[in-house]
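Reviewing the structure listed below.
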Amino acid sequence: MSSKTKRFTITAALPYTNGPVHIGHLSGVYVPADIYSRFQRIQGNDVAFVCGSDEHGVPITLKAKKEGITPQQVVDKYHAIIKKSFEDFGITFDNYSRTSAKIHHDTASEFFKKLYEDGKFIEEVTEQLYDEEANQFLADRFVVGTCPKCGNEESYGDQCENCGTSHNATDLINPKSAISGNVPTLKETKHWFLPLDQYEPWLKEWILEGHEKDWKGNVYGQCKSWINDGLRPRAVTRDLDWGIPVPVEGAEGKVLYVWFDAPIGYISATKEWAEREGKDWEPYWKDQDTKMLHFIGKDNIVFHCIIFPSMLKAEGSYILPDNVPANEFLNLEGNKISTSKNWAVWLHEYLEEFPNQQDVLRYVLTANAPESKDNDFTWSDFQARNNNELVAIFGNFINRVVVLTNKYYDGIVPSPSNLSEVDEATLAELKLYPSVIENSIERYRFREAQANLMKVARLGNKYLADEEPWKTVKTDEERTKTVMYVSLQIASALAVLSEPFLPFTTDKLRNILNYSTLENAPQWNEVSTKETLLPAGHTIGKAELLFSKIEDKQITAQLEKLEQSKKANEAANRVVDAQKDTCTFDDFTKLDMRVGTIIEASTMTKTKKLMKLKVDTGIDVRTIVSGIAESFTAEEVVGKKVTVLVNLAPRALRGVDSEGMILMTETPEGKLVFVNPDEDGVSNGMTIN
Ligand SMILES: [Zn+2]
């Protein structure tokens with residue numbers, strides 16, 4: 001490394017491999033991490049940007065059980081899908097690894113052994129929850145119960161998704177096994193604990209005193225609340241058969257807790273990359289000059305700010321993160337994104353429906369990133385940002401510049417004459433943006449950074465609209481050349497400054513501007529320092545649309561898809577009544593059910609629910625009072641064939657004697673439906689048996 005080069009180790013949360021990745025992941029973690037990594041590489045810095053699939057832990061074994069396949073099959077399937085989604089969206093990991101890789105098993109094992117040998121763990125036999133029927137200890141997601149902190153009745157054994165609290169399974173109130181539904185018993189088992197309480201004074205000093213100013217408010221606040229609540233020893237092993245075996249004697253049938261092994265995955269991913277590149281991995285994790293950053297979502301703050309740093313501190317030879325710029329959550333159309341409820345925009349599906357429009361999603365997710373609070377992704381905002389910003393400003397400016405240059409000068413950049421005051425001011429403003437954008441990126445304010453990039457496009461668009469070269473071309477050749485020259489400098493600046501945010505567009509734009517034939521294509525800082533970014537005499541290529549309009553029907557289709565998910569969820573969550581006690585055949589034959597026809601219907605006073613019906617039962621015409629008035633009008637039901645229980649004891653309803661009952665069922669939305677023998681050839685009085 002030269003003296004000016006800085007070394008960065010940038011990690012992005014390991015996606016959990018029990019499903020594909022969606023826009024929430026991209027927005028919260030991977031796009032900001034990618035913008036940051038791309039930016040540091042552009043600056044000539046030495047970057048290791050690593051990630052990988054998190055393939056251990058209970059949810060994967062639960063999913064495998066449910067689908068009747070092995071955990072390895074589950075992770076193989078989703079690892080492939082996730083890896084491809086990241087590649088497709090231009091996330092520039094230097095290495096995307098996986099925690100089932102041998103290098104990771106070895107690395108995590110060694111890490112545990114070192115801490116074990118140095119006496120950093122407490123070894124303790126404790127009582128843990130046990131499912132007698134499944135013959136299994138219940139940790140983490142194997143157990144569901146009431147959160148001791150917020151009262152959420154569906155908290156998991158390791159973490160409450162409602163309040164974010166991380167706890168031990170035995171802390172849950174009214175625990176139930178997720179495997180059998182049984183109430184667990186307590187059984188003794190030996191585990192190794194990391195005594196987090198011993199790290200409290202150090203964490204106070206390192207985070208509460210050391211990072212009050214430079215860590216994001218949401219991150220610092222969570223850490224503070226954690227530390228002030230008091231930390232307790234955390235078990236780092238589990239009774240489970242899926243994971244990394246605990247590498248000490250007497251630990252048969254136990255594996256490392258997934259949250260112990262997963263963050264070590266960042267180290268293994270770096271090692272794997274270094275081996276491949278012929279580099280030394282250690283400086284990236286052990287040199288004090290390295291700046292280490294963890295990009296994560298808010299649900300992972302405790303693991304990345306408290307537990308993993310305590311592990312690194314216990315090991316002794318590692319550096320600590322410089323910052324953990326965690327984001328809040330992105331919601332979708334007002335509801336929490338949910339994998340199990342299929343309330344999400346899946347990246348692989350997005351690409352099928354919006355081919356080659358990765359940058360549009362990257363742009364919208366950054367413009368709307370949940371940097372300081374939860375935010376909402378809506379399809380109408382997606383459409384508006386594409387059509388009104390990317391198409392109407394960025395795309396429109398570039399298109400006009402390229403089309404006019406081709407039209408007036410055969411694609412050759414013209415020489416400028418005297419610059420006007422407006423030209424000077426415009427070029428001077430342009431020079432400010434590299435450092436303005438850099439400043440936002442270095443403070444992890446990616447929304448602000450991208451908004452500043454758009455200001456460059458707005459600057460160009462306004463300049464062109466004000467100077468109107470399509471008018472001056474008829475009257476003032478020299479002025480037109482100057483205006484086109486200035487416009488081309490702005491277009492060229494966009495081709496440089498867009499790179500961290502809109503990588504696919506950047507490639508297209510550089511191609512249009514023929515960057516490959518430029519002897520000295522401008523670099524980031526040169527946008528500020530260089531007199532000329534695109535020299536007179538350089539030939540650019542033909543116009544090509546950078547963005548295209550998104551039509552209403554595309555948005556409607558997406559909203560309909562979500563509506564389908566909602567309906568499917570409602571159907572799946574419908575509570576089905578339990579079967580009643582058995583009745584004998586004799587009991588059943590006591591019921592006399594006949595086919596009948598409603599021949600008259602009238603509403604009743606003082607009741608919204610009841611309707612008075614005259615029914616031809618084939619035996620007689622009788623009055624039946626039925627609770628259908630909220631689901632049907634009187635006109636709708638006259639003439640309907642229905643099923644009638646005719647020997648139900650008569651009873652008075654609102655003063656009217658009702659002689660029988662019409663059989664009905666009810667939809668989840670509460671609408672009544674006739675159980676209906678409404679078929680040709682079925683006549684009144686026929687017996688149903
Ligand atoms: Zn809770």
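For ligands, and for the atoms within them, numbers begin at 1 and follow the listed sequence.
- Remark: F86 engages Y30, F93, Y96 in a ring-ring contact (aromatic ring centres under 6.0 Å, His included) (not counting sequence neighbours).
- Of the possible polar contacts, one joining the N218 side chain to the A326 backbone as a donor-acceptor pair under 3.5 Å is found.
- Without hydrogens or angle criteria, D34 side chain to T92 main chain gives a donor-acceptor distance under 3.5 Å.
- Near-neighbour remark for the Zn ion (ligand 1): protein N, O or S atoms under 2.8 Å are C147 SG, C150 SG, C160 SG, C163 SG; waters not counted.
- If you check the side chains of H167 and D158, you find no donor sitting under 3.5 Å from an acceptor.
- Between F121 and F112, the ring center distance clears the sub-6.0 Å criterion.
- Ring geometry, H348 versus W346: the interplanar angle falls from 30° to 60°, so the pair is classed tilted.
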